[in-house]
Amino acid sequence: MQMFEILGNFQIEGTIVHAEEYGYGHINKTYLVTTTTNEKFILQQINTDVFKKPSDVMYNIEAVTSHIRNKYLEANLDASRAALEIIYTKQGKAYFKYHDLYWRCYRFIEGAKTYEKITHPDQFYQVGLAVGNFQKQLSDFPINKLKITIPDFHHTPKRYEKFLDVARTDAYRRGMDVFNEIKFVFDRQNDMGAIVQGLDDKSIPYRVTHNDTKLNNIMLDEKTQKAICVIDLDTVMPGSVLFDFGDAIRIGASTALEDEEDLSKVSLDLNLFEKFSQGFLEVLKDELTYTELKYLVLSTKIITLECGMRFLTDYLDGDHYFKISKENHNLIRARTQFKLVREIEEKQEQMQKIIDNILGAA
Ligand code: ADP
Ligand code: GN1
Ligand code: MG
């Protein structure tokens with residue numbers, strides 16, 4: 001009944017005929033809802049442990065989606081699937097507060113899909129185009145308008161400090177069993193700071209970035225397999241485009257899912273790395289600075305290490321941040337990320353050659 005009441009507060013015709021939990025996001029609670037008018041909506045409960053001010057999150061999303069939509073309209077292009085479409089409440093707000101929980105509603109993007117894993121290499125070229133275009137579309141967005149929805153989200157050295165604190169406290173007595181994983185991070189503490197350092201000393205520019213470009217946040221057309229849009233805009237903030245590049249590679253170029261238990265299946269597919277890089281650089285090669293181009297390969301290592309460290313931190317801290325659906329889930333995820341870090345360390349020269357070839361050919 002709750003669901004009726006919540007959806008009833010949004011500006012939609014009809015009532016619910018079907019609702020189901022949907023997708024594989026780690027943060028929000030997502031439902032696919034079908035109504036009597038045969039329309040589909042995504043109803044989401046915003047995770048307020050993660051996003052302390054949902055109004056700021058929705059402020060950014062409103063601004064960013066209308067900016068992108070306007071670009072399409074100005075070019076006389078169909079804007080209907082170009083960006084998330086917020087369904088407003090009957091009071092005209094972008095979210096609805098119900099018993100201290102915050103809900104939002106988006107129109108379901110029809111005829112498109114997100115993937116947990118690439119099934120054909122060309123899909124990842126499309127994802128590269130999508131991430132590149134997202135950056136380009138927002139290149140003239142007034143960056144100071146953006147609210148900071150999660151402070152220091154990709155401040156890798158601060159993430160490391162938090163990790164050390166949690167590992168020292170070891171409140172759940174899990175540290176002894178993950179000595180090797182803790183040491184893996186510890187041994188790489190000096191490899192984490194380059195992007196943040198570059199932002200600080202201004203050798204890397206702040207841009208309007210997505211900050212969570214994992215594969216299942218990019219929608220492809222079901223039939224043509226062409227990129228449609230980038231979703232999950234909760235973490236759009238000023239940041240480095242390098243994190244968007246690296247984060248997309250972290251999942252999309254992996255040969256296995258993020259929570260694969262058999263680590264022998266987890267490796268970095270250079271062909272997929274190339275496909276994504278081709279799409280991404282096709283759009284952005286002239287926009288990026290020399291330092292950004294130089295750090296592309298390094299960014300894949302930094303963000304993968306950061307992400308693995310975040311999973312391990314959450315495991316040591318009692319699994320409160322990321323949704324889990326099995327025992328040791330965050331530890332399993334941390335291990336795949338560390339396996340990928342090793343892979344990147346081994347393959348970084350080949351990765352650099354791929355980038356150089358793409359840039360040389362361009
Ligand atoms: P989380 O923040 O938890 O990752 P997302 O916003 O990414 O949540 O949504 C989870 C999944 O729901 C996405 O991976 C995607 O498959 C699906 N999804 C989200 N919004 C839409 C939409 N407007 N239309 C179609 N599918 C969507
Ligand atoms: C979370 O929400 P989702 O599943 O798209 C997380 C990302 C992590 C990712 C790891 C707000 O992304 O930062 O990289 O899990 N989002 C937030 O899979 O923390
Ligand atoms: Mg998501």
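Read the numbers this way: they start at 1 and go in the same order the structure lists the ligands and their atoms.
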- Message: Tell me the closest heavy-atom pair linking Tyr115 and Leu220, and the distance in Å.
- Response: CE1-CD1, 4.0 Å
- Item | Minimum-distance protein heavy atom relative to atom 18 (O) of ligand 2 | Glu258 OE2, 2.6 Å
- Query: Tell me, which protein residue and heavy-atom name are nearest atom 15 (O) of ligand 2, and how many Å apart are they?
  - Reply: His26 CD2, 3.3 Å
- Selection from Phe108, Tyr106, Phe41 by shortest heavy-atom distance to atom 26 (N) of ligand 1: Phe108
- If you scan protein heavy atoms around atom 11 (C) of ligand 1, the nearest is Gly23 CA, 4.1 Å
- Task: Have a look at Asn28, Val50, Ile231 and point out the one with the heavy atom closest to atom 18 (N) of ligand 1.
- Result: Ile231
- Query: Hey, does Thr114 come in under 3.5 Å of ligand 1, counting only N/O atoms on both sides?
  - Reply: yes
- Message: Suppose we only allow N, O or S atoms; which atom of Asp232 ends up nearest to the Mg ion (ligand 3)?
- Response: OD2
- Looking at atom 12 (O) of ligand 2, what's its closest protein heavy atom, distance included? Asp212 OD2, 3.0 Å
- Query: Is ligand 1 less than 4.0 angstrom away from at least one heavy atom of Arg107?
  - Reply: yes
- Message: Any nitrogen or oxygen of Asp232, side chain or backbone, less than 3.5 Å from one on ligand 1?
- Response: yes
- Among protein heavy atoms, which sits nearest to atom 8 (C) of ligand 2, and what does the distance come to when rounded to 0.1 Å? Arg310 NH1, 3.8 Å
- Task: Would you name the heavy atoms of Thr149 and Met237 that are closest together and state the gap between them?
- Result: N-SD, 3.5 Å
- Query: Where the closest heavy atom to atom 4 (O) of ligand 2 is concerned, which of His154, Arg250, Lys214 has it?
  - Reply: Lys214
- Does ligand 1 have a heavy atom under 4.0 Å from the side chain of His26, from its backbone, from both, or from neither? backbone
- Query: Hey, what's the ring geometry for Phe280 with Phe276, parallel, tilted or perpendicular (30° and 60° as the breaks)?
  - Reply: parallel
- Of the listed options (Ile42, Leu233, Thr30), which comes nearest to atom 22 (C) of ligand 1 when hydrogens are ignored and any heavy atom counts? Ile42
- Message: Please find the pair of heavy atoms, one from Tyr95 and one from Thr89, that lie closest to each other, and give the distance.
- Response: O-CG2, 3.3 Å
- Does Glu110 come within less than 4.0 angstrom of ligand 1, counting non-hydrogen atoms of the residue? no
- Query: Do ligand 1 and Asn217 have nitrogen or oxygen atoms that lie under 3.5 Å from each other?
  - Reply: yes
- Query: Between Tyr22 and ligand 1, is there a nitrogen or oxygen pair with a distance under 3.5 Å?
  - Reply: no
- Looking only at protein heavy atoms, identify the closest one to atom 19 (O) of ligand 2 and say how far it is in Å. Tyr321 OH, 2.5 Å
- Query: Do any nitrogen or oxygen atoms of Ile27 lie less than 3.5 angstrom from nitrogen or oxygen atoms of ligand 1?
  - Reply: yes
- For atom 2 (O) of ligand 2, what is the nearest protein heavy atom, given as residue, atom name and distance? Ile27 CG1, 3.2 Å
